[in-house]
Each structure stands twice: as structure tokens, then as C-alpha cells.
2 protein chains.
Amino acid sequence: MLDHMSTEDRRRREREAREALFIDRAHARIREDGLLGLQMSKLAADCEYATGTLYQHFESREDLLAAVAARSTRKRAARFRVIPGLDLDTRARMLAIVLADIDFAAVNPDYHRLMQYLVTEVVWANVSVARRTALLEAARPISEAVGAVVSEARAHGDLPPAREMGAEEMGLGPWALNVGMQDLANAQGLLDAYDIHRPYDHLIRHFHALLTGWRWEPCLDPDDPARVRAETDRVRAALAAAGIGADTVECERTAAD
Amino acid sequence: MLDHMSTEDRRRREREAREALFIDRAHARIREDGLLGLQMSKLAADCEYATGTLYQHFESREDLLAAVAARSTRKRAARFRVIPGLDLDTRARMLAIVLADIDFAAVNPDYHRLMQYLVTEVVWANVSVARRTALLEAARPISEAVGAVVSEARAHGDLPPAREMGAEEMGLGPWALNVGMQDLANAQGLLDAYDIHRPYDHLIRHFHALLTGWRWEPCLDPDDPARVRAETDRVRAALAAAGIGADTVECERTAAD
DNA sequence: GGTCATGTGTGAATCAGGTTCAAAAAGTGG
DNA sequence: CCACTTTTTGAACCTGATTCACACATGACC
């Protein structure tokens, strides 16, 4: 009886280890060769398993991609965990969220492309329900972090409570601005075509304009590049002190340990 | 000689007509059955041509999609042409751009999905250079409209000229906000998961916050839903008067005539 | 130990759909 | 009408995801 249970336990552990291996190698392959470089049979061979075995873990190629994305998203979300503990005013904390995300994107350039591909109707349609919810779940802490900062700012009197607008909906602004700028920055040749450079610097300034528009104290004039830079440096320093720097080389490759 | 030239002319015209037919039917198919519903051989058969003929117009399936997208983008861009002529202050004009785009998205729900799919690295890589530039070119009037409104606002004294920031870069803010919100709104089940509804209403309020943060006159408090609604209605009315209403049923289907 | 039932792994075969290209048809000039 | 060029055709090809009949391992029971 005990015997039976412990072998079952071992089985589950082995199975999970194998799944982690698949996800790990898949991610490596995507990083090296792009999304097209990921081929189911090649990946299986890489891991020294048969194609069919791979399909016992993932219903389809898209399902596998969603699993990879979920793992990365968990890493991304983890960055926001330290933010509530930072010694910063609420407005700076919101900035910290945006900066942490910008830095994550800089360190993991393929993450955005993967997500973009994944949420495409063609791809998303082939992702199993379980993986869909897993991915949504992995992203939840991100919007929760945003919501928490907004709530705190309101409670603390930094941000007047907007009428007909919950905390999530207030956070939607910076979030959408962030998402949109990442999109534009990643669209091959788009910003170049309009001769726009350093999109993230502009994201930060527009971010301040947005928050100042909502009267989020302490207000900061977006048209004061020096102060904007100083504030960015201040918040980046706080992030770095908490171990979430732009130069965090981690890059997820160390996930296996 | 004349003869030769005129048959060549006729040839070109016929060829263009055939290409338009392909694009038209392809779009119809996408609208009806989604992106997966578009199959090269089926489409060719639909149009009563052989598969190979289709490939004389489009290097690949992705190339065809880009052509469809370019056509839609031209329609989208056309909406902005009337905006400079509207009898509105510059701030309201910027709002008009956003509203026109929201309405376009409402009338053409598949447009965003197509674009999203297209700019994916996997897909974009298979689009011919000619079609890429054509698509970029089709989108240019959009950012030009934005840039023009910003320039006008600065010239008119409605918007203080921000330091270290050109007109395009100022327009980048509302543009990114717009793009980001459309993205979030289109991500299947994302906003539902966080119990956020009416994303475009929030987009409009955040838009006002952003512009107010940049001191774009006449300032409008984003936390005044009644005034925001009134302003939206005012601008929508101006758009409707110019023939660019939310209820414009056009839907591109009439493109063939 | 031997044998059967059950679950797991295998990888060659299947399938789908985009793409090609050799042959046929149409067009052109003399 | 003939020789030659250009265009069209659609069946064959190719790639790569997915499946599934079979081999194999595991554990229960005699």
C-alpha cells in the first residue's frame, strides 16, 4: 500500500521532471532559432524521447508554446512581488512596475514575440483550456500588483478616487500604455519608418503625463526631462537594491536548477 | 505600336482586376471562417482560377494576408482624412482620431486580429518586401494625421512644446494607449478574467488624463464622467456630420464597386 | 517463477495544406 | 498557318504536425 503510493509519487515526479525538460529545451530552441526553429519531432529527439511521448504532455505544438509562455510569465510576474516592499511612494511604485517590465522585456526579447504569436486567434484556438487558464493565472499577479498599488495610492490619499472607476480600471491606463508601446517597439521597422527612437524613454514620459493627468501625487511634470530621468534613476536604484535590476542576467536560463 | 501598348494596358488592367478579386474574396473568407478558413487552393477555386495563378500575384499565403491588410488599412487611414477639416479645437481633433479608430475596430472586428497575426515574426518573415512597404505606406497617413494634429496644437498654443520631443513622439502616447487597449480588448478572455468591461470607455478617460497631463488645452478633468461623455458625444456628432460615424455600415464589403 | 492485465513509450505511417513546375493552352509576330 | 513566347493549369511534391498499432515495462495474482 505504502509502496504503491510511493511509486506513484515517483512516477509523478518523473513525469513533471520530463515536462520541465521539454519546456526548458523548447524555450532554448525558441531563443536560439526563433519560433520556426521549434519542431516537435526535433525537440523530442533533442530530449531523447519519441515524438509521441511529447504529445503525452502537450496536446499540440501551440499547447507547448503556451506552457513555455506560462513559465516565462511566472518569472515576469515574480519581479513584481518585491515592489510592495520597496521604500517608495505609491506613484514611484507604479513607475517601478513599468520599469521592471521594460527591463524584463529587454532581457527576454523573445517573450513578447511568443506572447504576441500565442494570443493570435489561429494559435490560441489550439491551446488546451488547461494551459489557457494556466497562462491567464500566471499573468494574474501582474494585474494584481497594479491594482494593489492603485488601491494603496487611493487609501493613502495620493490618488483621488475616480468616479465610476475601480482600481483595476485605473490600472488599465498605464497597463495599456505599456502594452501598446511594447507592441510598437517590437513591430519590425515600424518606429524606424517614422524615425522614432528610444520608445521606452517616451513611454516613461507619457506614463508620467498620464499619472499627472489623474493627479497622482507627488505630481511630476512630464515636460521636465531632467526630473523624469532623476526619478527613473531613483526607482531603478530601488529596484536594483531589491535584486530586480535591468542588468539581472538571470535570463531564465537558470531555471533548471 | 499603339496596338501593342494598348493590349499591354488591357493586360495590366485585367491583372489588377484579378488581384482585386483575389483580395476581395480572401477578405470575405477571413471574415466568414476566420484566418484558418483561408486556404490557397480553395480560394483559387472560389475565384475560378488555378492555384498557380494565385501564386503569380502573391508569393505566399502570408503575402496575400498582407495585401488584404493593406487594403483594410487604406480604408482605416481614409477615415482620418476628414479630420483636419472638422470644426473642432485641436484637442477634440485628437480625440476624433481615437474615436474614429475605435469605431473602425467595432465595424471591422477581424482587422485587428489579422494585423496582430501579420506582425508576428513567423508570418512577417514570409511577407515580400514590396508588400511590407505597401502596408507600412498604407499606415503612414494614420501617424501623419496624429503628427499633424500635434503640430497644429503646438502652433496654435494649445499644447506647450515638450522639450526633447518631436510631434511624432508626442503622438506616440495616445497612439500606444490606443494600440494597447485594442490589444487587451481583443485578447480573448483577458479583460473578462479581471472583470473589466467597456474597455473603450476607459480608453477615452485615460486618453483625457494623458492629454491633460501634457496640459493640452482646453483641459478636461478625466474624473468628470459627465463632461467626458458630453465631449465624446460632441466629437462623435462632428464625425457623423462628416460621414464617419460609428454606424457607417460600409464595412469594406462595398470595396469592389 | 510464470502469467495476465494495465499502463507507457515508440516512431513509422498518415494527413493537411502550402508550394512548385512540367505540360498544356493562349497569345503574338511574321 | 507556323514558330515562338507568355500565361495558366492542377497534379505532384514537400514539410512538419499529429496519430495509432505495436512493443515494452510494471505490478498483481496464482
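Heavy atoms only: backbone and side chains are in, while hydrogens, waters and symmetry mates are out. Throughout, protein chains are lettered first and strands after them, A, B, ... in sequence-line order, and every chain is numbered starting at 1.
Under the rule for a side-chain hydrogen bond (donor to acceptor under 3.5 Å, both in side chains), the partners of A/His206 that lie at least two apart in sequence or sit in another chain are B/Trp214. For B/Glu19, the side-chain hydrogen bond (donor to acceptor under 3.5 Å, both in side chains) partners are B/His57, B/Arg131, not counting sequence neighbours.
In this model, the phosphate group of C/dG27 is not approached by any side-chain N or O of B/Arg11 to a distance below 4.0 Å at OP1 or OP2.
Cation-pi geometry between B/Arg18 and B/Tyr49 is met: under 6.0 angstrom from the ring centre, within 45 degrees of the axis.
The minimum heavy-atom distance linking B/Leu210 with B/Gly173 is given by the pair CD2-C, 3.6 Å.
If you check every strand for non-hydrogen atoms under 4.0 Å, A/Leu38 touches sugar and phosphate atoms only.
Each side chain to side chain donor-acceptor pair (under 3.5 Å) pair with one or both residues in residues 132-144 of chain A, not counting sequence neighbours, appears once here: A/Glu137-A/Arg140. Legend: salt bridge (charged side-chain N to carboxylate O under 4.0 Å, His left out) pairs involving residues 185-202 of chain A, not counting sequence neighbours, sorted by first then second residue: A/Arg198-A/Asp201.
A distance-only check finds a donor-acceptor pair linking the side chain of B/Arg61 to the backbone of B/Leu38 [under 3.5 Å].
Residue B/Arg15 contributes atom CZ, which lies 10 Å from atom C1' of D/dT7 at whole-angstrom precision.
Within residues 40-52 of chain A, the residues having any heavy atom closer than 4.0 Å to DNA chain D are, in order of number, A/Met40, A/Thr51. A heavy-atom distance below 4.0 Å to DNA chain C is reached by these residues of residues 53-67 of chain A, ordered by number: A/Thr53, A/Gln56.
Taken to the nearest 0.5 Å, the OG1 atom of A/Thr51 stands 12.0 Å off from the NZ atom of A/Lys42.
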